[in-house]
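Just so we're on the same page: letters track the sequence lines, and every chain starts at 1.
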There are 2 protein chains.
Amino acid sequence: MQRRTQRPRIADVAREAGVSKTAVSFAFNSPERLSAETAVRIRGIATSLGYRPHPVARLLTQRQTMTLGVLTPQALAVIFSNPFFALFSEGVANAAEDLGYELHFISPLHGSLALAVGRATVDGVVAIGLSGDHPEIQQIRATGLPMVLVDSDDLPEHSSVVVDDEAGARAAAEHLLELGHRDILIVAVEGPALTTGERGRTGVTERRLRGYRTALRAAGVELGDDWVVAARASIDGGTAAFQDAWSRGLRPTAVLAMSDAIAIGAMRAARELGLSLPGDLSVVGFDDVDLAAHVDPPLTTVHQPIRQKGADAVRLLLIEVEQRAANQPEHLRLETRLIVRGSTGPAPHQRQEVPAA
Amino acid sequence: MQRRTQRPRIADVAREAGVSKTAVSFAFNSPERLSAETAVRIRGIATSLGYRPHPVARLLTQRQTMTLGVLTPQALAVIFSNPFFALFSEGVANAAEDLGYELHFISPLHGSLALAVGRATVDGVVAIGLSGDHPEIQQIRATGLPMVLVDSDDLPEHSSVVVDDEAGARAAAEHLLELGHRDILIVAVEGPALTTGERGRTGVTERRLRGYRTALRAAGVELGDDWVVAARASIDGGTAAFQDAWSRGLRPTAVLAMSDAIAIGAMRAARELGLSLPGDLSVVGFDDVDLAAHVDPPLTTVHQPIRQKGADAVRLLLIEVEQRAANQPEHLRLETRLIVRGSTGPAPHQRQEVPAA
DNA sequence: ACCTTCCACTAAACCGGTTTTCTAAACCGG
DNA sequence: CCGGTTTAGAAAACCGGTTTAGTGGAAGGT
């Protein structure tokens, strides 16, 4: 009654072949240390037994996993529904693959990101959207894992890659102001940053908001508190946010959206309310995902080099991973630029008076 | 000159605390087996030393990694640029996360998918687009790793999730035929299936092609060999393919594209050639990604439940992973359905005569 | 014939934990 | 005060490989 229907171990192969474990290991990893015939014979027996080296066991001695982690403070399901993240992953994957690394996605496990990081068998992580005020940041850093921050640079000891969100946002707002808009609705990405009030001054949302505000203030435009709303980072989120603002009586002539998905959702909501684009309403997005150029009307948006962020982050990470020296962290800031397409136009001369939905 | 600047091991903590390795292990994993004060003291010393259990070492004894692999025959960079895959990942991630599993993406390593699978430390894999005639399929199966196939069901021993591609394609073609189209260009997804001629009868491309052909044949429409072209599965790929067909003198009144991205690319190319949509050219896509409803004109396409495919695949995989019994493989076939939007319309009455670009 | 070198392979240590088995002391009822 | 049960922790085996440090015999040089 042997319940040993397990997978064969190296010792089983060794016994069957009448050699030592060492010889079997050599047959797989350094066949030149064995006579050709022995190596072939051992490998033959191994395959006939269905043996393959246990990947975890070999990881234990080879001190690296050849795997990179992508750390996300949100659930993966949220992340993958975000086209921004798909582009970012593309950049990461491209760089990682070139260098022979695989990718492991790390998201909060049982609610704890630190726990997930602690369990992860990776050589280093690229953390996207992890800011210095994350509640578990200390524990995460305590793992000692090489880490590169993306879209956050408030942990100077870690290399980072950010884009100039503030300048991009400012350009977006200035564009609308030049077109004569004064009643501008800002739709932010919902997240801890907004809901915790003054904390989280370091996130993407805050930087973009600061850019918008700077431009508006410089133009002498008053921005009412309820003209800044939050939305889930999805098309539906944008639709809901615009509908909500509209139903609260707000009648913007332009929308500054913090992501393209939100912008597209807002456009949809506006259409459903009978508004014409960009005649009645101008919309500016952020990110310039592939989608942006293909919607109707093509979306005016702030371009940021998303793929490159991913690729650069991997590059910086590998500097740290591969040379275990105490190298200086590097901080990259990439440019953004406004891409004017068809979703923005001159402000209507008078406040529009369209029928409510 | 001690070059021991390594991370602390469990033995270091044990020595420092004056206890055995066992006690340290207990302090972390089953503190109830220690007196409360001892457990607290040990954990305190551990943190002060910066100790955390080595994740690989603990994987070796806990016989599972709580990680699922997503196996893709193509490079990850290709994969992530495909909106279809983002949706699929979303479904996979959602299901995996609910069950406490993390995700590891496995793509060919140094050109070999089997090598990558062999090295991967996962409890099972979801293989997307891996057909039975993949050159390394035997080696991949030899790993003995639980595996669920998506978009392929020609390995009966493995559970699988497919959609009714053929019926969907047929519906798409019939829709165009009913609108009076007879000159229909088919743009397939490029891949091994097409380039190897008759081999690979099992892939998505072949099933869809069969659906198109069945409908056309039933309507007595002749389909010239050069009216089936291949394109990279991207917007640009679709643009290039349509331009190429046009420059070869083809003048279709409709396009059957095997992915939404290709369809959108073809629409762009058509626009650039001065065609109006759907007046001069009707286009039908496949997949119904989020994007499809938001382009101009909204894309008529074949909907398939992509997220659900991912979620179902994980569900089937976990049945196999968690109960190591010899359970029966399960084969799911999900439905597709045609979504008619604005990109299709009646065929122009006479062959159009538009100026070449 | 003797010493050295090389070859092909083995034994044992090691990677860093977990788990099983065992033991000494404390506890407990009668 | 005695035998039996807990309790708290230690010792050793184990997970499944890789790597280091040998080792015996054959070949080569003189």
**Prompt:** Base, sugar-phosphate, or nothing for V56(B), non-hydrogen atoms under 4.0 angstrom?
**Reply:** nothing

**Item:** Position toward the 5' end of DNA chain D (nearest nucleotide), R41(B) or R63(B)
**Value:** R41(B)

If you restrict it to nitrogen or oxygen atoms, what contacts under 3.5 Å exist between nucleotides 17-21 of chain C and the protein, and what is each distance?
unit_1, atom_1, unit_2, atom_2, d
dG17(C), OP1, H54(B), N, 3.3
dG17(C), OP2, I10(B), N, 2.6
dG17(C), O5', Y51(B), OH, 2.9
dG17(C), O5', H54(B), N, 3.2
dG17(C), N7, K21(B), NZ, 3.3
dG17(C), O6, K21(B), NZ, 3.3
dT18(C), OP1, N29(B), ND2, 2.7
dT18(C), OP1, R58(B), NH2, 3.3
dT18(C), OP2, S25(B), OG, 2.6
dT18(C), OP2, N29(B), ND2, 3.3
dT18(C), O4', T61(B), OG1, 3.1
dT19(C), O4, T22(B), OG1, 3.4

**Prompt:** T38(B) side chain N/O closer than 4.0 Å to the phosphate oxygens (OP1, OP2) of dA8(D)?
**Reply:** no

**Request:** Can you label the angle between the F88(B) ring and the F85(B) ring as parallel, tilted or perpendicular, going by 30° and 60°?
**Result:** tilted

**Item:** Pair R141(A)-E157(A), salt bridge (Lys or Arg N to Asp or Glu O under 4.0 Å): steps then yes or no
**Value:** CA-CA 10 Å; R141(A) 298 191 50 198; E157(A) 312 79 33; 3.1 Å; yes

**Message:** Ignoring hydrogens and geometry beyond distance, is a side-chain donor-acceptor pair present between S112(B) and E136(B) at under 3.5 Å?
**Reply:** yes

**Item:** Q74(A) and S107(A) side chains, donor-acceptor separation under 3.5 Å
**Value:** no

**Asked** Side chains of T67(B) and H104(B): is there a donor and an acceptor less than 3.5 Å apart?
**Response** no

**Request:** Check whether any side-chain nitrogen or oxygen of S35(A) sits under 4.0 Å from OP1 or OP2 of dC9(C), and answer yes or no.
**Result:** yes

**Prompt:** How would DNA chain C look in dot-bracket form, 5' to 3', counting Watson-Crick and G-U wobble pairs with both distances under 3.5 Å and writing | for bases paired to another strand?
**Reply:** ||||||||||||||||||||||||||||||

**Prompt:** Does E16(B) CD have over 12 foreign heavy atoms under 6.0 Å away?
**Reply:** no

**Item:** Whole-Å gap separating C1' (dC15(C)) and CG (L59(B))
**Value:** 14 Å

**Prompt:** Any chance the side chains of T22(B) and S25(B) put a donor and an acceptor closer than 3.5 Å?
**Reply:** no

**Asked** If you check every side-chain atom of L60(A), which of dT10(C), dA10(D), dG16(C) has the closest atom?
**Response** dG16(C)

**Request:** Might you work through the ring pair (Phe, Tyr, Trp, His ring centres under 6.0 Å) test for F105(B) and F80(B), ending with a clear yes or no?
**Result:** CA-CA 11 Å; F105(B) 284 81; F80(B) 280 116; 5.4 Å; yes

